[in-house]
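The next block holds one structure in the form of structure tokens; read it before the comments.
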Amino acid sequence: MIWDFEFTLEVMPDLLRGLWVTIQATVFGYLIALSLGLVIAIVRRVPVVGSIVHFVMEFIRTTPLLVQLVFVFALVPAGFSPLLVGIIVLGVHYAAYTAEVYRSGIEGVAAGQWEAARALSLPSRRTWGAIVLPQAIRKVIPALGNYLIAMFKDTPLLFAITVVELLATAQQVGQASFKIVEAFTLVGFLFLLVSIPSAIIIRRLERRYAAV
């Protein structure tokens with residue numbers, strides 16, 4: 001089979017628009033996952049409330065992301081942006097995972113650090129902001145980066161709620177031109193184009209913070 005370069009040039013603008021939607025969903029969903037995950041990790045240390053939050057997070061982790069997307073999209077009012085729904089669901093779903101990453105980092109802070117903060121009578125905000133979180137987050141940066149790549153690879157599931165991201169765009173283009181193989185091959189190439197540099201950066205972060 002000879003590759004059709006004319007077809008590639010013709011459909012690439014459409015695929016790049018789909019890629020842009022994919023990147024938007026990934027970036028904004030990841031920001032939600034990072035911020036909400038940190039809040040969850042801290043709240044989990046609160047008696048009773050922490051147990052309830054833990055139960056909810058376990059439920060989210062053990063439920064397929066596809067099911068969550070379809071369920072939430074079915075509940076929102078008509079006219080609500082499917083992309084926004086997808087971003088929120090992605091963010092909340094991955095917050096359940098980033099929370100565990102943060103929790104491991106927080107628990108990895110030496111007990112002496114907590115004792116020193118108490119001995120100095122530091123307020124909780126100062127203890128968390130100046131002592132605990134800087135150390136905890138530094139340790140878990142590589143693990144958090146891995147979830148960024150995982151979220152990027154999960155964005156094709158947004159097709160289930162009518163979001164026209166990269167994969168959905170390729171399907172439309174392929175069906176219209178009867179060149180499914182070429183369209184999906186280009187999708188794979190574009191995913192690699194984004195994923196490989198991200199993976200390289202994460203590996204460098206792992207080496208940099210391995211001894212931390």
query: If every non-hydrogen atom of Ala33 is compared with every non-hydrogen atom of Thr98, which pair is closest and at what distance?
result: O-OG1, 2.8 Å
query: How close do Ala160 and Val70 get, heavy atom to heavy atom, and via which atoms?
result: CB-CG2, 4.0 Å
field: Nearest heavy-atom neighbours spanning Leu157 and Leu65
entry: CD1-CD2, 3.9 Å
Tyr102 side chain to Leu34 backbone, donor-acceptor under 3.5 Å: yes
statement: When every non-hydrogen atom of Ala25 is compared with those of Leu83, the smallest separation belongs to CB-CD1, 4.1 Å
field: Trace of the salt bridge (Lys or Arg N to Asp or Glu O under 4.0 Å) decision for Glu107 with Lys139
entry: CA-CA 11 Å; Glu107 292 181 351; Lys139 294 178 180 180; over 6 Å; no
- prompt: side-chain contact (heavy atoms from CB on, under 4.5 Å) with Gln135: which of Ile131, Leu133, Val132, Ile137?
  reply: Ile131
task: Check for a donor-acceptor pair, side chain of Glu165 on one end and backbone N or O of Ala168 on the other, with a separation under 3.5 Å.
output: yes
task: Answer yes or no: is there a donor N or O on one side and an acceptor on the other, between the side chain of Glu100 and the main chain of Ala96, under 3.5 Å?
output: no
query: Which pair of heavy atoms, one from Gly86 and one from Leu158, lies closest together, and at what distance?
result: CA-CD2, 3.6 Å
Main-chain N/O of Ala41 paired to Arg103 side chain as donor or acceptor, under 3.5 Å: no
message: Any side-chain to backbone donor/acceptor pair from Gln68 onto His93? Under 3.5 Å, distance only.
response: no
statement: Residue pairs meeting side chain to side chain donor-acceptor pair (under 3.5 Å), one or both in residues 14-41, sequence neighbours left out, come to Asp14-Arg17
